[in-house]
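Read through the structure below, which is laid out as structure tokens, and then see the notes.
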Protein chains: 2
Amino acid sequence: MNIEPDLCRVEDALGILVGKWKPIILLHLLKNGTQRFSDLKRSIPGITQKMLTNQLRELENEDIIQRVVYPQVPPKVEYSITEYGRSLEPILHAMHEWGTNHIQHKKQKMNESMSK
Amino acid sequence: MNIEPDLCRVEDALGILVGKWKPIILLHLLKNGTQRFSDLKRSIPGITQKMLTNQLRELENEDIIQRVVYPQVPPKVEYSITEYGRSLEPILHAMHEWGTNHIQHKKQKMNESMSK
DNA sequence: CCGCATCCAGGTGGATACTG
DNA sequence: CAGTATCCACCTGGATGCGG
């Protein structure tokens, strides 16, 4: 891994995952496969239409997800992870594992300082 | 990996890495070991004292780095990665690899759309 | 040498209303 | 059903100056 600012690419990966709803959107698409806009909206409590559209566009621009429009009334738009997008899965998984362990780690620290 | 909002811990890991200078700080400490405040400041072009202090504090609060103050004049403060903090290294490494590949992927997409 | 306080610009995300 | 447009509150991070 190169640490020089111009050669370090950690930020590039980070930038794609960062966004209030991006991880959860990706996890839904990874787990459930192709989903309609309304499916995602229903599955993600609290998200607004604006933000869902916004985050989906950004992921689409990076070629992480695919958007398919069916020209019909009422409209139907399906989203799915691209083959390329799947390459992010190990990273998401590693972060989930680490995060889960981190919760435990913090609890321990808490207890240690309590019992002083 | 659990996808339920309350059980998904991707955000927890992400939150620790997110911050304009956190990845670069961590990479410096991982690569070079213990560093003084002024060492880090010099190694990271563009960072201000305020932000360096700020980001170091946040990492310290999560037990990722350790801060040691030598009570002397002029002051001397050393920062280093904790044992626990090292558990983030695989994730940073994976993100760097992915990011490096992503640059290539984007170039390909560029060329494809150019030659149409 | 290291850190804090203040002030401020810009970006991110939420609420709401409207369109094909 | 899916998306756009507008307005606004908040947060992050940059500039600068002071202090032990």
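Numbers restart at 1 for each chain; the letters A, B, ... are given by sequence-line order, proteins then strands. Note that the coordinates shown come from a computational prediction; the quantities given were computed from them, not determined experimentally.
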Check: Which listed nucleotide (dC1(D), dG3(C), dG3(D)) is nearest to the side chain of Phe37(A)?
Finding: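 Nucleotide nearest to Phe37(A)'s side chain: dG3(D).
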Note to self: Just N and O in the side chain of Arg36(A): are any of them under 4.0 Å from OP1 or OP2 of dC1(D)?
What the structure shows: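 No, no such contact exists.
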Spacing of [atom1] belonging to [X] relative to [atom2] belonging to [Y], to within rounding of 0.5 Å:
X: Leu40(A); Y: His28(A); atom1: CG; atom2: NE2; result: 7.5 Å
X: Gln55(A); Y: Leu26(A); atom1: CD; atom2: CG; result: 9.5 Å
X: Leu88(B); Y: Ile81(B); atom1: CG; atom2: CD1; result: 8.0 Å

Next item on the list: Without swapping roles, check the side chain of Thr82(A) against the backbone of Asp63(A) for a donor-acceptor pair under 3.5 Å.
Entry: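 Side chain of Thr82(A) to backbone of Asp63(A): a pair is present.
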Suppose we screen for salt bridge (Lys or Arg N to Asp or Glu O under 4.0 Å). Which residues come up paired with [X], at least two apart in sequence or across chains?
X: Lys20(B); value: none
X: Glu97(A); value: none
X: Lys41(B); value: none
X: Lys106(A); value: Glu62(B)

Check: For residues 52-86 of chain B, which residue pairs qualify under ring pair (Phe, Tyr, Trp, His ring centres under 6.0 Å), counting only residues two or more places apart or in two chains?
Finding: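 Output for this query lists Trp98(A)-Tyr84(B), His102(A)-Tyr84(B), His105(A)-Tyr84(B).
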Checklist line | For Glu58(A), side-chain contact (heavy atoms from CB on, under 4.5 Å) partners two or more places apart | finding: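 Expected list: Lys22(A), Asn54(A).
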Note to self: Measure CD1/Ile44(B) against P/dG13(D) and give the value in whole Å, please.
What the structure shows: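 Rounding to the nearest Å, CD1 of Ile44(B) and P of dG13(D) are 14 Å apart.
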Note to self: What is the separation between atom NZ on Lys41(A) and atom P on dA15(C), rounded to the nearest whole Å?
What the structure shows: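 Going from Lys41(A) (NZ) to dA15(C) (P), I get 10 Å.
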Notebook entry, point to check: Does any residue of residues 16-23 of chain A have a heavy atom under 4.0 Å from DNA chain C, and if so, which ones, in number order?
Noted result: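 Close to the strand are Gly19(A), Lys20(A), Trp21(A).
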Check: How would you list all residue pairs meeting salt bridge (charged side-chain N to carboxylate O under 4.0 Å, His left out) that involve residues 23-34 of chain A, not counting sequence neighbours?
Finding: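 The answer is none; no pair qualifies.
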Checklist line | Net bend of the helix from dC1(C)-dG20(D) to dG20(C)-dC1(D), end axes of five pairs each, nearest 10 degrees | finding: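 Inter-axis angle at the ends, rounded: 40°.
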Check: With sequence neighbours left out, what residues match Asp12(B) under side-chain hydrogen bond (donor to acceptor under 3.5 Å, both in side chains)?
Finding: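 Asp12(B) satisfies side-chain hydrogen bond (donor to acceptor under 3.5 Å, both in side chains) with Arg9(B) only.
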Notebook entry, point to check: Considering only heavy atoms, which members of residues 63-82 of chain A lie under 4.0 Å from some atom of DNA chain D?
Noted result: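 Only Arg67(A), Pro74(A), Pro75(A), Lys76(A), Val77(A), Tyr79(A) qualify.
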Checklist line | Residue-level proximity of residues 47-61 of chain A to DNA chain D when a heavy atom falls under 4.0 Å | finding: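 Within residues 47-61 of chain A, the residues near DNA chain D are Gln49(A), Lys50(A), Thr53(A), Arg57(A).
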Notebook entry, point to check: Tell me, do Val68(A) and Thr34(A) make a side-chain contact under 4.5 Å, heavy atoms counted?
Noted result: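 With C-beta onward as the side chain, the pair stays apart.
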